[in-house]
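Proteins come first, then strands; the chains are lettered A, B, ... in the order of their sequence lines, and each starts at number 1. Computed from heavy atoms alone, side chains included, the values below leave out hydrogens, waters and symmetry copies.
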2 protein chains.
Amino acid sequence: MNNPLLDYPGYHLRRAASSRLAELGRHLDGLGLGVTEASILVLIDQNPDLSQADCGRLLSIQRPNLNPLIQKLIQRGLILTAKGQGRALKLRLTPAGHALTPDIIAEFQAHEARIYAAVPERFRADLVAILRSLWTTDGS
Amino acid sequence: MNNPLLDYPGYHLRRAASSRLAELGRHLDGLGLGVTEASILVLIDQNPDLSQADCGRLLSIQRPNLNPLIQKLIQRGLILTAKGQGRALKLRLTPAGHALTPDIIAEFQAHEARIYAAVPERFRADLVAILRSLWTTDGS
DNA sequence: TATTGTTATACTCTATAACTATA
DNA sequence: TATAGTTATAGAGTATAACAATA
């Protein structure tokens with residue numbers, strides 16, 4: 001059997017991203033969080049009083065898609081809101097949310113270590129630069 | 001604002017893959033095909049009499065998820081089936097499907113050219129190898 | 001019995017439109 | 001008016017369970 005897609009970097013990019021994302025998701029199962037939820041918590045941890053809109057811009061998640069995730073985290077008692085400018089809400093971690101972030105960051109770092117370990121050693125120093133160059137800034 | 005995720009190769013991997021996939025999707029709009037549908041057609045084109053199960057294995061799409069895509073391509077008159085071993089169905093392109101594949105492959109190659117052009121020149125020769133090393137073979 | 005095709009279902013991520021609230 | 005939050009909805013992609021058909 002002949003798979004012509006194996007010659008395409010775009011195909012490997014897609015497969016690598018989806019398998020690594022699924023792998024990280026499994027490692028976060030123990031914390032009861034999805035990858036996106038965990039990312040939101042880390043982002044709020046390092047940017048207290050971040051608004052939903054800014055949070056979405058940093059993660060490239062559109063407001064209508066981010067909102068239910070935020071509501072879920074509020075209901076779990078991991079984040080809380082305060083009034084900000086205009087209609088904006090300032091997001092902060094609760095003590096429970098704060099207690100969780102070191103474990104999340106540890107999982108993130110273990111994940112990155114696995115990724116670095118997977119690539120040939122001579123490319124490791126440039127890996128972030130290479131992957132960053134692959135982004136597109138237009139749609140999505 | 002501080003985005004700690006920008007230090008993580010896994011984050012850039014995910015963002016790069018999703019933006020490039022969306023970009024390819026827009027370029028395929030003119031053919032009336034999604035990225036996955038187009039990939040299936042190319043795969044059948046180069047592997048006539050491929051079964052659904054084998055097609056799914058090559059693309060890492062599970063059978064229950066692949067089936068509706070196949071049905072859609074049959075209904076559009078792009079592929080057809082014949083009896084194979086056991087319950088298996090052999091997949092082939094119709095003349096209409098065959099007429100479409102050169103355009104698909106042209107879009108795929110243009111897509112890959114854009115990706116290669118985006119990375120610093122000294123990494124281009126190794127790009128596929130680097131991305132292939134990032135795959136995980138366990139889940140997804 | 002093992003494999004394939006099929007249906008149902010559910011969850012995540014993403015996209016668009018439209019509504020409400022506030023500087 | 002411009003921005004933020006919210007609701008509804010739709011479409012991909014993916015995962016599991018279960019059933020039918022065939023060597």
Side-chain angles (χ1 to χ4, degrees), chain A residues 11 13-26 28-29 32-40 49-75 79-91 136 138-140, chain B residues 11 13-26 28-29 32-40 49-75 79-91 136 138-140:
Chain A
Y11 180 69
L13 178 62
R14 179 187 187 183
R15 293 293 305 271
S18 91
S19 66
R20 288 293 171 185
L21 188 62
E23 178 189 52
L24 176 57
R26 287 191 299 275
L28 289 173
D29 270 348
L33 293 168
V35 175
T36 306
E37 292 166 344
S39 303
I40 293 169
D49 292 340
L50 193 68
S51 71
Q52 269 191 51
D54 284 336
C55 181
R57 273 188 284 269
L58 283 172
L59 296 175
S60 286
I61 300 174
Q62 295 173 85
R63 287 190 312 284
N65 298 327
L66 183 58
N67 189 268
L69 297 171
I70 296 291
Q71 301 305 324
K72 207 170 154 190
L73 292 172
I74 292 173
Q75 280 198 331
I79 64 177
L80 48 78
T81 63
K83 277 202 51 174
Q85 273 294 88
R87 198 189 181 184
L89 296 177
K90 296 189 286 190
L91 303 173
T136 289
D138 57 312
S140 187
Chain B
Y11 179 69
L13 178 62
R14 180 187 185 181
R15 293 294 304 271
S18 92
S19 66
R20 288 293 170 185
L21 188 63
E23 179 189 51
L24 176 56
R26 287 192 299 276
L28 289 173
D29 269 349
L33 293 169
V35 175
T36 306
E37 293 166 343
S39 304
I40 293 169
D49 292 339
L50 194 68
S51 70
Q52 269 192 51
D54 284 335
C55 179
R57 272 189 284 270
L58 283 172
L59 295 175
S60 285
I61 299 174
Q62 295 174 85
R63 287 190 310 284
N65 299 327
L66 183 58
N67 189 267
L69 296 171
I70 296 291
Q71 299 307 324
K72 206 169 155 190
L73 292 172
I74 292 173
Q75 281 198 328
I79 64 178
L80 48 78
T81 63
K83 277 201 53 175
Q85 272 295 87
R87 198 189 181 182
L89 297 177
K90 296 190 286 189
L91 303 173
T136 289
D138 57 312
S140 187

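The nearest whole Å value for the distance from the CG atom in Leu50(A) to the P atom in dT3(D) is 17 Å. Put simply, CG on Leu66(B) is 9 Å from P on dG5(C), counting in whole angstrom units. With rounding to whole Å, Leu89(B) atom CG is found 11 Å from dT6(C) atom C1'. Atom CG in Leu73(A) sits about 12 Å away from atom P in dT12(C), given to the nearest Å. Separating the CZ atom of Arg26(B) from the C1' atom of dT14(C) is a distance of 13 Å, rounded to the nearest angstrom. Between the C1' atom of dA21(D) and the CG atom of Asn67(B) lies a distance of 14 Å, rounded to the nearest Å. When rounded to the nearest whole Å, the span between NZ of Lys90(B) and C1' of dT22(D) equals 15 Å. Taking atom CD of Glu23(B) as the reference point, atom P of dT14(C) lies 17 Å away to the nearest angstrom.
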Throw together a table of side-chain donor-acceptor distances under 3.5 angstrom for residues 82-91 of chain B, partners on residues two or more places apart or in other chains.
none

Where protein sits on nucleotides 16-23 of chain C, one letter per nucleotide: B base, S sugar-phosphate only, - none, heavy atoms under 4.0 Å: BB--BBSS
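With dT6(C), dG5(D), dT4(C) as the candidates, the nucleotide lying closest to the side chain of Gln52(B) is dT6(C). Picking from dT6(D), dC13(C), dT6(C) the nucleotide with the shortest atom distance to the side chain of Thr36(A) gives dC13(C). Comparing dG5(C), dA12(D), dT6(D) by their closest approach to the side chain of Lys72(B) singles out dA12(D).
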Side chain to side chain contact (heavy atoms under 4.5 Å, CB included) between Leu73(B) and Leu33(B), worked out: CA-CA 9 Å; Leu73(B) 292 172; Leu33(B) 293 169; 4.3 Å; yes
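Listed pair Gln71(B) / dG5(C) fails the phosphate criterion, with no side-chain N or O lying under 4.0 Å from OP1 or OP2.
The residue among Ala88(A) and Arg14(A) whose nearest nucleotide of DNA chain D lies closer to the 5′ end is Ala88(A).
If you check every strand for non-hydrogen atoms under 4.0 Å, Ile70(B) touches nothing.
With sequence neighbours excluded, no residue forms a salt bridge (charged side-chain N to carboxylate O under 4.0 Å, His left out) with Arg63(A). Listed by chain and number, the residues in a side chain to side chain contact (heavy atoms under 4.5 Å, CB included) with Leu28(B) are Leu24(B), Leu31(B), Val35(B), Ala38(B), Glu107(B), Phe108(B) (sequence neighbours excluded). For Leu69(A), the side chain to side chain contact (heavy atoms under 4.5 Å, CB included) partners are Thr36(A), Glu37(A), Ile40(A), Leu66(A), not counting sequence neighbours. Checked against side chain to side chain donor-acceptor pair (under 3.5 Å), Asp49(A) has the following partners two or more places apart in sequence or in another chain: Arg92(A).
To the nearest 0.5 Å, atoms CD1 (Ile79(A)) and SG (Cys55(A)) are separated by 8.0 Å.
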